[in-house]
Trainee: 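Let me begin by handing over the structure; questions about it come next.
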Amino acid sequence: MRILIVGCGYVGLALGRRLSSSGAEVLGLRRRGDPEGSMAAAGIRAVLGDLTKAQDLEKIPGDFDAVVVAAASGRGGVDAYREVYLGGARNLVEWARGRRVGRIVPVGSTSVYGQTDGSWVTEDSRTEPDEATGRVLVETERVFSEADCSGVVPTLIVRVAGIYGPGRGHLFGQFVTGQARREPGRWLNMIHRDDVASALEAVLLRGQPGRIYNAVDDEPVLQEDFLRFLAESTGRPLPPMADPADAPGSIPIRKRGNTNKRVSNRRLRDELGWRPEFPTYREGYAVAIAALVGTPGAVSPSGAEGAMIAP
Ligand SMILES: NC(=O)c1ccc[n+]([C@@H]2O[C@H](COP(=O)([O-])OP(=O)(O)OC[C@H]3O[C@@H](n4cnc5c(N)ncnc54)[C@H](OP(=O)(O)O)[C@@H]3O)[C@@H](O)[C@H]2O)c1
């Protein structure tokens with residue numbers, strides 16, 4: 001198989017490593033090329049280019065059995081979302097018209113589900129998020145879905161939950177640095193980076209064109225229970241309750257745009273036989289917790305990240 005990964009960062013590199021080790025020829029597009037050699041180390045051939053520039057895509061050599069879109073807008077706001085996700089989608093669909101592309105697999109986000117009532121959501125649930133960034137992602141999905149429906153290129157969208165793993169884990173990092181606050185009643189949906197890669201591979205190889213798949217682990221967890229688990233596992237204190245009135249810098253419980261839902265992975269499991277290597281946060285955070293417990297009191301914010309970096 002010949003595969004292009006557009007955006008080779010945290011997810012793209014893990015996917016590329018997985019695909020190249022199973023014999024695929026993998027090319028990866030990035031604006032900065034491969035200065036640190038991480039793409040070469042993962043068996044990915046670097047192609048220099050910017051997804052938001054149509055002329056850059058024309059320089060990508062050859063046809064592809066599959067294209068995975070894993071570029072991220074970085075810390076930018078809604079304008080960056082529009083440029084990278086929506087503009088990038090339009091450019092890719094136009095680019096695909098001119099060559100043989102077997103399928104496009106865009107990495108989407110479960111933030112398209114705007115539900116706030118803690119209900120279960122599936123791929124068929126409403127996607128009407130309050131957040132402007134979420135709405136751009138809904139629009140981006142529509143570009144890909146229309147390309148599929150109109151026969152331009154088969155597309156299979158993967159809506160990914162909050163990613164953690166070596167070097168990543170937002171709430172874990174806040175817990176370690178004492179910035180975490182309990183937000184009772186709020187559900188978290190997470191997935192380990194390596195399971196994102198295996199989910200993308202399953203969709204790429206066996207997914208049904210036009211279909212959408214949620215990529216999330218087996219067990220949504222209440223934010224407060226996750227913090228309790230971290231406290232009990234590490235012997236550190238349970239973080240205080242979030243209280244916007246007396247805790248500057250803490251996160252308000254009902255921040256505008258905060259969604260609250262439980263995302264189901266049943267379709268990925270039932271239809272594609274996908275099984276996460278880390279079914280819950282307990283398995284997924286075991287290494288990071290062991291590292292933390294092994295060095296009590298000696299973990300700085302950067303150390304917390306370092307503790308999660310796999311050998
Ligand atoms: N983090 C989460 O919890 C989460 C949850 C759900 C979905 N997602 C989605 O998962 C995907 C992958 O995220 P990630 O964490 O792997 O991102 P990441 O680590 O920030 O990597 C993003 C990659 O995209 C490249 N890139 C950015 N803009 C580009 C452009 N205009 N043209 C070409 N390449 C570009 C970057 O390299 P250069 O800077 O060199 O171009 C980098 O290699 C994203 O679509 C993200 O929205 C993430």
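In listed order, ligands and their atoms are each counted from 1.
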Trainee: If you have a sec, work out which protein heavy atom is nearest atom 7 (C) of ligand 1 and how many Å separate them, to one decimal?
Mentor: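 Of every protein heavy atom, Gly108 O, 3.3 Å lies nearest to atom 7 (C) of ligand 1.
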Trainee: Distance to 0.1 Å, residue and atom name: give those for the protein heavy atom nearest to atom 44 (C) of ligand 1.
Mentor: Ala71 O, 3.3 Å
Trainee: Tell me which protein heavy atom sits closest to atom 12 (C) of ligand 1, plus the residue, atom name and distance to 0.1 Å.
Mentor: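 In this structure, atom 12 (C) of ligand 1 has Ala70 O, 3.4 Å as its nearest protein heavy atom.
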Trainee: Find out whether Leu29 and Ile60 are in side-chain contact, i.e. whether some heavy atom of one side chain is under 4.5 Å from a heavy atom of the other.
Mentor: yes
Trainee: Would you say that Arg228 contacts Leu238 through its side chain, given a criterion of any heavy-atom pair below 4.5 Å between the two side chains?
Mentor: yes
Trainee: Only heavy atoms of Asp50, strictly under 4.0 Å: list the atoms of ligand 1 that pass.
Mentor: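 Answer, ordered by atom number: 30 (C), 31 (N), 32 (N).
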Trainee: Between Arg168, Glu83, Arg193, flag the one that comes closest to atom 18 (P) of ligand 1 by a heavy atom.
Mentor: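 Nearest heavy atom to atom 18 (P) of ligand 1 lies in Arg168.
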Trainee: If you measure every N or O of Tyr10 against every N or O of ligand 1, does any of those distances drop under 3.5 Å?
Mentor: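 Looking only at distances, the answer is yes, because the N/O contact criterion of under 3.5 Å is met.
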Trainee: How far is atom 20 (O) of ligand 1 from its nearest protein heavy atom, and which residue and atom is that?
Mentor: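 Protein heavy atom at minimum distance: Ala72 CB, 3.7 Å.
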Trainee: Using a 4.0 Å cutoff against the non-hydrogen atoms of Gly162, which atoms of ligand 1 qualify?
Mentor: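 Close to Gly162: 3 (O).
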Trainee: For atom 33 (C) of ligand 1, which candidate among Gly9, Gly7, Gly49, Gly167 provides the closest heavy atom?
Mentor: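 Looking at heavy atoms only, Gly49 sits closest to atom 33 (C) of ligand 1.
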Trainee: Looking only at protein heavy atoms, identify the closest one to atom 46 (C) of ligand 1 and say how far it is in Å.
Mentor: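 Among all protein heavy atoms, the one nearest atom 46 (C) of ligand 1 is Tyr85 OH, 3.8 Å.
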Trainee: Within the structure provided, determine whether Arg103 and Pro209 are in side-chain contact (heavy-atom separation under 4.5 Å).
Mentor: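 Arg103 reaches Pro209 side chain to side chain.
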Trainee: Which atoms from ligand 1 have a heavy atom of Cys8 less than 4.0 Å away?
Mentor: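 In order of numbering, the contacting atoms are 23 (C), 43 (O).
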Trainee: For atom 11 (C) of ligand 1, find the nearest protein heavy atom and state the residue, atom name and distance (0.1 Å precision).
Mentor: Val107 CG1, 3.7 Å
Trainee: Counting non-hydrogen protein atoms only, what is the nearest one to atom 32 (N) of ligand 1? Give residue, atom name and distance.
Mentor: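 Answer, as residue, atom name and distance: Leu51 N, 2.8 Å.
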